[in-house]
Colleague: 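Quick one: structure below, then a few questions.
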Amino acid sequence: MISRIDLRGDALPEGAALRDLLPRAEFDVEAALEKVRPLCDDVRHRGSAAVLDLNRRFDGVTPDRTRVPAEALTRALEELDPAVRAALEESIRRARLVHRDQRRTDHTTQVVPGGTVTERWVPVERVGLYVPGGLAVYPSSVVMNVVPAQEAGVEGIAVSSPPQAAFGGLPHPTILAACALLGVTEVHAAGGAQAIAMFAYGTEECLPVNLVTGPGNIYVAAAKRLLKGRIGIDAEAGPTEIAVLADAGADPVHVAADLISQAEHDTLAASVLVTDSPELAGAVETELKTQVAATKHVERVTAALAGRQSAIVLVDGMDEGLRVVDAYAAEHLEIQTADAAALAARVRNAGAVFVGPYAPVSLGDYSAGSNHVLPTGGCACHSSGLSVQSFLRGIHVVDYSREALADVAHHVVTLAEAEDLPAHGAAITARFSGARTDGRADGGSGST
């Protein structure tokens, strides 16, 4: 059901050589680019009509418009199962606690007397938040996208999720209810590349945005890559993945359950166990057979666990295991070892780290307070998960007096001449030449 990779005995290779030994899903965004390019161009030129035509082509539905009516949002919230509403409210409450503490404050540094640089943190004006709707329903992704945007102070928030034939061409009602619960009033029925193009170019119903966030399939990732620059993006999200670093003391029932929990997302989902215990590896394999047979999405889970992206990796010890998981740079990394907290503190590359037997990834998916929109495909070695920072821009405000500029002017001129950019230096010396552009004499003192 799941393969083994034995890295015991020999010294582990470094860098890319180690990464190449580890399992990873094939996710060729570049190949998908040529498929999404004409779709995005169509939306650019025809607007809402193109989005609606693509909804019919890919989702089998054609709503009258992409914008979800306000009454549909209200109705979805009114009809939401009270238990689901309570769970969403608690998820929102916890997410707000964590994300509110991420908000940065402006800071002014006095470089010299009369010379300051202030870093201002300014939210983007308008964002498009994508919520997938393929094999599962993701109201939790509404929470994870909307809460940090709101806590950052973003004024314009639009959500898009694929239309569902079962619900009259609207997104799933639980998605709509989550939007209503969060106070989001602009929701669109559009999925895939056409939704990203709608956000990027704008349509008759949807003003263009500055930034697009949220996970999606390979075509969503390809559209993000294609349109990056016109819009900002959070990441090109690939298939979900979990790595579990465990020693002989880990409970195989827990480990198997956690591997299955990610495998049920998608046949390309990656489930990786890294351990120095052959006994644990064998017990997990036995548990997988038992638990997979009892799970709902048997075929999907089986395909994911049997795929090239999933494996049990055997190592000589926890130090070697730590090197392996750092090379893998998992979206979700669980540490189930005797000294889990100490080992977790040494991790360098992971989207999120879950410490000990009572912090499974599922907790982070819904109710830990952390964000579940995380880097995949090894990108955790250079990128972070979604946060309030994703929706903020740092702007430096430079404020120098005449005296402060005069004090450093000769250094600026010297560097400008070293770079063969004399006009840069002239822009400094012009301020101390005794003449002003308005014809009045410069009454100040100081020279270069």
Colleague: As an exercise, state the distance from NE2 of His99 to CD of Gln150, rounded to the nearest 0.5 Å.
Modeller: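 Nearest 0.5 Å value for the NE2-CD distance: 11.5 Å.
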Colleague: Assess whether atom CD of Glu125 is packed by more than 12 heavy atoms of other residues, nucleotides or ligands within 6.0 Å.
Modeller: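 For Glu125, atom CD is not crowded (no more than 12 foreign heavy atoms under 6.0 Å).
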Colleague: Can you see which heavy atom on Cys381 is nearest to which on Ala329, and at what distance?
Modeller: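 Closest pair (atom of Cys381, atom of Ala329, distance): N-CB, 3.9 Å.
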Colleague: Please check if atom CZ in Phe58 has more than 12 non-hydrogen atoms from other residues, nucleotides or ligands closer than 6.0 Å.
Modeller: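 Yes.
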Colleague: Assess the residue pair Ser160 and His188 against the criterion (side chain to side chain donor-acceptor pair (under 3.5 Å)); give the C-alpha distance rounded to whole Å, side-chain angles, the decisive distance to 0.1 Å, and a yes or no.
Modeller: CA-CA 5 Å; Ser160 188; His188 294 270; over 6 Å; no
Colleague: Quick one: does any side-chain atom of Thr74 pair with a main-chain N or O of Ala70 as donor and acceptor, under 3.5 Å?
Modeller: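 Flag set: sc Thr74 to bb Ala70 pair under 3.5 Å.
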Colleague: So do Ile335 and Val347 actually touch side chain to side chain, heavy atoms under 4.5 Å?
Modeller: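 A side-chain contact exists here, since the closest heavy-atom pair is under 4.5 Å.
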Colleague: Indicate whether any N or O donor in one side chain lies under 3.5 Å from an N or O acceptor in the other, for Ser48 and Glu204.
Modeller: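 Per modelled atom types, Ser48 and Glu204 side chains form a pair under 3.5 Å.
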Colleague: Other residues, nucleotides and ligands only: do more than 12 of their heavy atoms fall within 6.0 Å of CD on Glu299?
Modeller: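 Count not over threshold, so no.
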Colleague: Ignoring hydrogens, what is the shortest heavy-atom contact between Ala359 and Phe354? Give both atom names and the distance.
Modeller: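 Heavy-atom minimum between the residues: O-CB, 2.8 Å.
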Colleague: Using a strict threshold of under 4.0 Å (side-chain N to carboxylate O), is an ion pair present between Glu26 and Arg308?
Modeller: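 Here Arg308 pairs with Glu26 in a salt bridge, since their nearest N and O are under 4.0 Å apart.
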Colleague: Taking the side chain as C-beta and beyond, is there a heavy-atom pair between Val388 and Arg104 under 4.5 Å?
Modeller: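 No - every pair of side-chain heavy atoms lies 4.5 Å or more apart.
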Colleague: Show your working on side chain to side chain donor-acceptor pair (under 3.5 Å) between Ser367 and Glu90 and close with a plain yes or no.
Modeller: CA-CA 7 Å; Ser367 300; Glu90 181 62 12; over 6 Å; no
Colleague: I need the minimum non-hydrogen distance between Asp316 and Gly9, along with the two atoms involved.
Modeller: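 Of all heavy-atom pairs spanning Asp316 and Gly9, the closest is OD2-N, 3.0 Å.
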Colleague: Is a side-chain N or O of His332 found less than 3.5 angstrom from the main chain of Val353, in a donor-acceptor match?
Modeller: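 Checking the backbone N and O of Val353 against the side chain of His332, no donor-acceptor pair under 3.5 Å is found.
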Colleague: Measure the shortest side-chain to side-chain distance between Arg346 and Asp319 over non-hydrogen atoms and say whether it is less than 4.5 angstrom.
Modeller: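 Yes; the side chains approach each other to less than 4.5 Å.
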Colleague: Would you compute the distance between atom CG of Leu97 and atom CD1 of Ile92 and round it to the nearest 0.5 angstrom?
Modeller: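 So the CG of Leu97 and the CD1 of Ile92 are separated by 12.0 Å.
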Colleague: Counting only N and O atoms by type, is there a donor-acceptor contact under 3.5 Å from the side chain of Arg85 to the main-chain atoms of Leu80?
Modeller: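 A pair under 3.5 Å: no.
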Colleague: Please check this pair: side chain of Thr267 against backbone of Ala303, looking for a donor-acceptor N/O pair closer than 3.5 Å.
Modeller: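 No, the answer is negative, given that no donor and acceptor are paired below the 3.5 Å cut-off.
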Colleague: If I take atom CG from residue Asp53 and atom CG from residue Leu39, how far apart are they, to the nearest 0.5 angstrom?
Modeller: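 Spacing of CG (Asp53) from CG (Leu39) equals 11.5 Å.
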Colleague: Take Ile5 and Leu22 through the test side-chain contact (heavy atoms from CB on, under 4.5 Å) and record every step on the way to the result.
Modeller: CA-CA 8 Å; Ile5 299 173; Leu22 304 177; 5.5 Å; no
Colleague: What pairs with Thr376 under side chain to side chain donor-acceptor pair (under 3.5 Å), at least two apart in sequence or on another chain?
Modeller: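 Thr376: no side chain to side chain donor-acceptor pair (under 3.5 Å) contacts found.
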Colleague: With Asp234, which residues qualify under side chain to side chain donor-acceptor pair (under 3.5 Å), at least two apart?
Modeller: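 Result, side chain to side chain donor-acceptor pair (under 3.5 Å) vs Asp234: Lys224.
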Colleague: Taking the side chain as everything from C-beta on, heavy atoms only, tell me whether Val301 gets closer than 4.5 Å to Ser271.
Modeller: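 Val301 does not reach Ser271 side chain to side chain.
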Colleague: Contact between Val127 and Phe391 at the side-chain level, heavy atoms closer than 4.5 Å - yes or no?
Modeller: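 They are in contact (side-chain heavy atoms under 4.5 Å apart), so the answer is yes.
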Colleague: Which pair of heavy atoms, one from Ala190 and one from Val51, lies closest together, and at what distance?
Modeller: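 Closest approach of Ala190 to Val51: CB-CG1, 3.7 Å.
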Colleague: Any side-chain heavy atom of Tyr130 within less than 4.5 Å of one from Pro162?
Modeller: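 Side-chain contact under 4.5 Å: yes.
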Colleague: Does Val68 reach the side chain of Pro171, with side-chain heavy atoms less than 4.5 Å apart?
Modeller: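 Yes, close enough: below the 4.5 Å cut-off.
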Colleague: For the side chain of Asn349 and the backbone of Ala327, is there at least one donor-acceptor N/O pair under 3.5 Å apart?
Modeller: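 It does not hold such a pair.
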Colleague: Checking side-chain contact (heavy atoms from CB on, under 4.5 Å) against Leu273, which of Leu288, Val313, Val244 comes through?
Modeller: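 Only match with Leu273 under side-chain contact (heavy atoms from CB on, under 4.5 Å): Val244.
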Colleague: Would you check if Leu314 and Thr275 make a side-chain contact, meaning some heavy-atom pair closer than 4.5 Å?
Modeller: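 Side chain of Leu314 against side chain of Thr275, heavy atoms only: contact under 4.5 Å found.
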Colleague: Are there over 12 heavy-atom neighbours, none belonging to Asp28, within less than 6.0 Å of that residue's CG?
Modeller: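 Yes, enclosed.
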Colleague: Has Arg126 got a side-chain atom pairing as donor or acceptor with Leu207's backbone, closer than 3.5 angstrom?
Modeller: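 Checking the backbone N and O of Leu207 against the side chain of Arg126, a donor-acceptor pair under 3.5 Å is found.
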Colleague: How far does CD1 of Ile312 sit from CD1 of Ile2, to the nearest 0.5 angstrom?
Modeller: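 So the gap between those two atoms works out to 5.0 Å.
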Colleague: Can Arg93 and Glu89 be counted as an ion pair, charged N to O under 4.0 angstrom?
Modeller: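 Looking at Glu89 together with Arg93, the answer is no, because their closest N to O distance does not fall below 4.0 Å.
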Colleague: Would Val187 and Leu176 satisfy side-chain contact (heavy atoms from CB on, under 4.5 Å), going step by step from the backbone distance to the final call?
Modeller: CA-CA 8 Å; Val187 184; Leu176 302 183; 3.9 Å; yes
Colleague: Test your reading of the model: is there a side-chain donor-acceptor pair from Glu287 to the backbone of Ala256, 3.5 Å cut-off?
Modeller: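 No, because the side chain of Glu287 does not come within donor-acceptor range (under 3.5 Å) of the backbone of Ala256.
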Colleague: Write down the atom of Ala25, the atom of Pro239, and the distance for their closest heavy-atom approach.
Modeller: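 The answer is CB-CG, 4.2 Å.
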Colleague: Could you state the interatomic distance from CG (Leu77) to SG (Cys179), rounded to the nearest 0.5 Å?
Modeller: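 Atom-to-atom, Leu77:CG and Cys179:SG are 10.5 Å apart.
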Colleague: Any idea which heavy atoms bring Ala223 and Val36 closest together, and the distance?
Modeller: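 Heavy atoms of Ala223 and Val36 come nearest at N-CG2, 4.0 Å.
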Colleague: Starting from the C-alpha separation in whole Å, work towards a yes-or-no answer on side-chain contact (heavy atoms from CB on, under 4.5 Å) for Ser141 and His372.
Modeller: CA-CA 8 Å; Ser141 286; His372 78 200; 3.1 Å; yes
Colleague: Give a yes or no on whether Arg323 atom CZ has more than 12 heavy-atom contacts from other residues, nucleotides or ligands under 6.0 Å away.
Modeller: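 Yes, the 6.0 Å shell around CZ holds more than 12 heavy atoms from other groups.
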Colleague: Between Thr213, Val184, Ile157, which is the residue that forms a side-chain contact (heavy atoms from CB on, under 4.5 Å) with Asn145?
Modeller: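 Passing option: Thr213.
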Colleague: For Arg37 and Glu34, run salt bridge (charged side-chain N to carboxylate O under 4.0 Å, His left out): C-alpha distance rounded to whole Å, both residues' side-chain angles, the deciding distance at 0.1 Å, then the answer.
Modeller: CA-CA 5 Å; Arg37 192 184 303 275; Glu34 294 312 308; 3.1 Å; yes
Colleague: Indicate yes or no for a side-chain donor-acceptor contact from Glu205 to the backbone of Thr66 under 3.5 Å, with no hydrogens or angles considered.
Modeller: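 Yes; at least one donor-acceptor contact below 3.5 Å.
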Colleague: To the nearest 0.5 Å, how far apart are NZ in Lys228 and CD1 in Ile196?
Modeller: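 If I round to the nearest 0.5 Å, the distance is 14.0 Å.
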Colleague: I'd like to know whether OH of Tyr219 has more than 12 heavy-atom contacts from other residues, nucleotides or ligands below 6.0 angstrom.
Modeller: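 Check fails, neighbour count at 12 or below.
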Colleague: Under the 3.5 angstrom rule, does the side chain of Gln389 hit a backbone N or O of Gln102 as a donor-acceptor pair?
Modeller: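 Yes, the answer is positive, given that a donor and an acceptor are paired below the 3.5 Å cut-off.
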Colleague: Tell me, with the steps shown, if Glu151 and Leu392 meet side-chain contact (heavy atoms from CB on, under 4.5 Å).
Modeller: CA-CA 10 Å; Glu151 294 301 324; Leu392 295 173; over 6 Å; no
Colleague: Any donor-acceptor pair under 3.5 Å linking the side chain of Glu241 with the backbone of Tyr328?
Modeller: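 No, Glu241 side chain to Tyr328 backbone: no donor-acceptor pair under 3.5 Å.
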Colleague: Check the surroundings of atom CZ in Arg348: do more than 12 heavy atoms from other residues, nucleotides or ligands lie under 6.0 Å from it?
Modeller: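 Atom CZ in Arg348 is not packed in, count stays at 12 or less.
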